[in-house]
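Below, chains carry the letters A, B, ... as their sequence lines are ordered, and counting in each starts from 1. Computation of the quantities below employed the complete heavy-atom set of this structure, encompassing side-chain atoms and omitting hydrogens, waters and symmetry-equivalent molecules.
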Amino acid sequence: MSGDRENTTGSAWRGTTRSRRATSSSCTYDRVRITTAPARSGGTMEAIVERVLTQAMERLQAAGKVPAELRLPVVIERPKREEFGDFGCALPLALAKATRRNPVECGKELMAAIQAPEGLFEAVTFAPPGYLNFKVAPAAWFQRMKDVTTIPADGAGERVLLEFVSANPTGPLHVGHGRGAVLGDALARVMRAAGYAVETEYYVNDVGNQMAMMGLSLHCRGREVLGLSDGSDFPEKGYRGQYVRDVAAEFVATPAGKAACEQPYESIGARDDNACTHFAEERLLGVIQATLKAGGIHFDRWYVERTLHASGALAATVQRLLDQGHAYRDEAGAILFRMEGKADEDDRVMVRASGVPTYFAADIAYHDDKARRGFTRLINIWGADHHGYIPRMKASLEALGHDPACLQVLLVQMVTLTRGGEAVPMGKRSGEFVTLQEVLEEVGQDAVRFLFLLRRADAQFEFDLDLAKSQSMDNPVYYVQYGHARVASILRKAAGLGIAVPGWTDGMQDVLTLPEEMSLVKDLARFAGVVTSAARRCEPHHVAFYLMDLVKDFHGYYTRNKHTEKVISDDTVKTAARLFLVSRVQSVLAEGLALLGVSAPEEMRLTADDEPA
RNA sequence: GCGCCCGUGGCUCAAUGGAUAGAGCAUCGGACUUCGGAUCCGACGGUUGGGGGUUCGAGUCCCUCCGGGCGCGCCA
């Protein structure tokens with residue numbers, strides 16, 4: 001288990017000094033985006049408000065009322081209290097602080113400098129001690145309904161390589177891998193929706209001691225099958241899972257496998273490169289791939305470590321570091337990478353005194369290769385137990401002439417499994433663990449994915465198998481999916497009556513007057529911003545929480561009004577407008593669920609008694 | 001010992017340094033002859049682990065202590 005680096009979020013760099021720069025530069029980036037593409041059709045309401053305020057600031061600067069060189073991040077937020085309006089901004093407080101003036105004066109000045117497009121705001125108010133609050137006119141909200149599923153291409157120009165799971169082919173995936181897998185897959189989808197060019201990659205770590213131990217384990221089990229061993233010579237650190245016996249049985253059923261097991265392990269080739277390790281890799285990688293497929297996890301590329309050794313890329317990278325003085329040979333003949341005092345770390349071995357390169361050396365060559373392929377960002381999702389590996393990875397990138405900041409490691413915290421309140425032991429070598437495959441079969445792909453995505457990655461996660469299974473009907477994912485199915489049902493009913501779902505027309509806002517309808521319109525308008533924000537922050541869980549919000553409002557709208565203001569009524573104008581609205585809800589639910597890799601069913605039934613015989 | 005992550009209602013979890021910390025589950029009390037009752041409404045429930053500090057403003061940043069998890073290999 002310790003050999004894998006499966007698991008999420010920006011926490012890896014959050015605590016460093018670099019993180020502050022990253023935060024403020026993203027604000028700058030937002031301002032650039034808005035000024036360079038002010039007319040972007042998919043711009044979010046937040047972006048529009050932000051632009052209005054940014055321009056107000058620029059106007060004050062042009063008038064000499066604010067220092068021209070002053071740059072303040074314009075942070076638009078949604079106020080917690082409804083009476084404050086749709087958006088709020090504490091810019092007057094920030095301006096007051098920066099200019100050492102009274103926040104009330106700053107607020108009044110800013111308000112006077114605001115030149116919003118006609119009809120955008122219903123009200124702009126100043127609230128002590130220094131907030132500007134904006135209430136957007138209903139008509140402006142309704143204008144967003146034309147394209148609620150259009151996401152601004154925030155990530156345009158970014159080429160991202162997202163590496164995740166990358167578990168050794170030494171056994172089936174466990175639930176911890178599943179968390180990283182689901183996060184990575186969802187993040188790829190979310191970032192692609194926001195315009196990033198994302199490629200996903202699985203690094204197949206098929207070289208080294210772990211693989212050698214796998215081969216030896218297989219060899220021993222094979223000998224047991226053949227009656228050549230009673231198992232007493234099984235290595236202490238070998239892989240003890242039943243799956244090894246299964247693979248061994250298949251192995252010795254082949255002539256080559258039988259022959260390999262009849263000879264001493266030392267005689268069949270390199271310890272990590274022989275008939276046993278090759279067979280294990282092929283079979284176990286197949287198992288891993290089948291599980292990932294069952295979980296809906298897709299990879300664009302499988303990058304095999306052995307190719308780095310075979311091509312000479314690894315040796316060349318080591319030589320380059322030696323030549324440039326970033327590495328040296330010690331008295332024993334080992335080659336070490338110089339940490340140069342960075343992060344208080346010791347120098348790290350790249351090539352052992354025996355001449356065999358370490359995992360670290362291969363990983364350096366791999367990341368060098370990634371960077372050379374022209375990606376602007378390298379995102380790795382690792383299990384939290386690998387956090388100590390980050391400084392040396394960054395240092396090695398820097399030594400090779402790459403910007404270490406392009407590497408972003410998202411750490412996923414451990415998943416602890418419980419069943420009936422008791423911890424389930426996990427450990428690949430002991431063989432006692434619940435596989436991801438089993439959990440997927442027991443709980444279902446949609447529920448597993450949604451559960452994983454319904455929390456931040458940098459918090460530990462207690463996954464109670466009994467709870468996940470027994471409460472499956474109360475599972476949030478079904479609540480969201482049910483909303484989608486419910487709209488589908490309404491649309492089917494309309495279709496049965498010969499009523500088509502219309503496109504948007506301006507008259508619709510005059511009949512969508514229920515408070516719940518206005519709430520839904522605002523919810524829908526928020527979708528694009530949620531997606532771009534989730535992509536920027538590498539936190540797909542925001543999408544899951546948004547969907548919960550949206551569907552809650554929809555269920556409330558439906559239930560509260562189902563006897564008085566039905567979607568489908570005798571009023572053809574209202575019917576058309578409401579069909580449009582609920583169809584938009586359905587689209588956003590479908591789109592949002594797709595971003596998480598969760599299905600959006602047209603119908604859901606508890607019982608099968610109405611199924612055709 | 002050193003380093004990283006986490007600590008938020010009974011439980012599981014949210015919350016860009018902003019305004020009176022929010023959901024779900026559970027509990028209790030209600031609604032509706034269903035375009036799908038897998039729904040909805042309400043109530044109860046908090047000194048955000050403790051203590052200092054920075055700030056106009058801290059769940060969020062800094063220090064310290066406590067508690068939980070994980071690292072600190074010529075393993076991967």
Participant: Can you measure from CZ (A:R560) to CD (A:E516) and round to the nearest 0.5 angstrom?
Facilitator: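 Between A:R560 CZ and A:E516 CD, I get 4.5 Å after rounding to 0.5 Å.
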Participant: Expressed in angstrom and rounded to an integer, what is the separation of A:Y482 atom OH from B:rA38 atom P?
Facilitator: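 Rounded to whole Å, this separation is 5 Å.
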Participant: Using the P atom in both, what is the distance from B:rA15 to B:rC61, to the nearest Å?
Facilitator: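 Nearest-Å result for B:rA15 against B:rC61 at atom P: 13 Å.
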Participant: Quick check for you: to the nearest 0.5 Å, what is the distance between A:R338 atom CZ and A:M350 atom CE?
Facilitator: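 A:R338 CZ to A:M350 CE: 10.5 Å, rounded to 0.5 Å.
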Participant: Without decimals, in angstroms, what is the distance between A:E603 CD and B:rG36 P?
Facilitator: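 After rounding, the reported distance stands at 11 Å.
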Participant: In terms of side-chain geometry, is the basic nitrogen of A:E109 or A:R101 positioned less than 4.0 Å from the acidic oxygen of its partner?
Facilitator: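 So A:E109 pairs with A:R101 through a salt bridge.
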Participant: Please determine whether a side-chain nitrogen of the Lys or Arg among A:R578 and A:E517 lies less than 4.0 Å from a carboxylate oxygen of the Asp or Glu.
Facilitator: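 A salt bridge is present here (some side-chain N lies under 4.0 Å from a carboxylate O).
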Participant: Is A:R78 salt-bridged to A:D86, cutoff N-O under 4.0 Å?
Facilitator: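 Looking at A:D86 together with A:R78, the answer is no, because their closest N to O distance does not fall below 4.0 Å.
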Participant: Rounded to the nearest Å, what distance is computed from the CZ atom of residue A:R78 to the P atom of nucleotide B:rA23?
Facilitator: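 After rounding, the gap between these two atoms is 12 Å.
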Participant: Nucleotides 41-45 of chain B: which of its N/O atoms have a protein N/O under 3.5 Å away?
Facilitator:
unit_1, atom_1, unit_2, atom_2, d
B:rC41, OP1, A:R560, NH1, 2.9

Participant: Kindly state which residues belonging to residues 91-102 of chain A come within less than 4.0 angstrom of RNA chain B, counting heavy atoms of the residue only, listed by number.
Facilitator: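 By residue number: A:L93, A:K97.
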Participant: Can you tell me which nucleotide in B:rG36, B:rA19, B:rC35 comes closest to the side chain of A:R492?
Facilitator: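 Shortest atom-to-atom distance from the side chain points to B:rG36.
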Participant: Rounded at 0.5 Å granularity, tell me how far CG in A:L314 sits from CZ in A:R306.
Facilitator: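 Those atoms lie 13.0 Å apart.
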Participant: Which protein N or O atoms sit under 3.5 Å from an N or O of nucleotides 66-68 of chain B?
Facilitator:
unit_1, atom_1, unit_2, atom_2, d
B:rG68, N2, A:Q460, NE2, 2.7

Participant: Answer yes or no: is there an ion pair linking A:E345 with A:K342, defined by an N-O contact shorter than 4.0 Å?
Facilitator: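 No, no charged N to carboxylate O under 4.0 Å.
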Participant: Can you see if the side chain of A:H563 gets near the phosphate of B:rU34 - specifically, an N or O under 4.0 Å from OP1 or OP2?
Facilitator: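 Indeed, a polar side-chain atom of A:H563 lies that close.
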Participant: State, to 0.1 Å, how close A:G107 and A:L132 come at their nearest heavy-atom pair, and which atoms those are.
Facilitator: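 Of all heavy-atom pairs spanning A:G107 and A:L132, the closest is O-CD2, 4.1 Å.
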Participant: What are the two closest non-hydrogen atoms of A:Q413 and A:A384, and how far apart are they?
Facilitator: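 So the two residues come closest at NE2-CB, 3.4 Å.
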Participant: Less than 3.5 Å between a donor and an acceptor, one on the side chain of A:H386 and one on the base of B:rG71, is that the case here?
Facilitator: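 Counting by modelled atom types and ignoring angles, no donor-acceptor contact under 3.5 Å is found here.
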Participant: Validate the cation-pi geometry between A:R455 and A:F461: distance from NZ or CZ to the six-membered ring centre under 6.0 Å, angle to the ring axis within 45°.
Facilitator: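 Yes, A:R455 lies over the aromatic ring of A:F461.
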Participant: In terms of side-chain heavy atoms of A:R456, which of B:rA15, B:rG36, B:rC70 is nearest?
Facilitator: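 Side chain of A:R456 sits closest to B:rA15.
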Participant: Side chain of A:N133 only, heavy atoms from C-beta on: which candidate in B:rC70, B:rU39, B:rA19 is closest?
Facilitator: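 It is B:rA19.
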Participant: Can a salt bridge be assigned to the pair A:E565 and A:K574 using a cut-off of 4.0 Å between side-chain N and carboxylate O?
Facilitator: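 Salt bridge flag = yes for A:K574 with A:E565.
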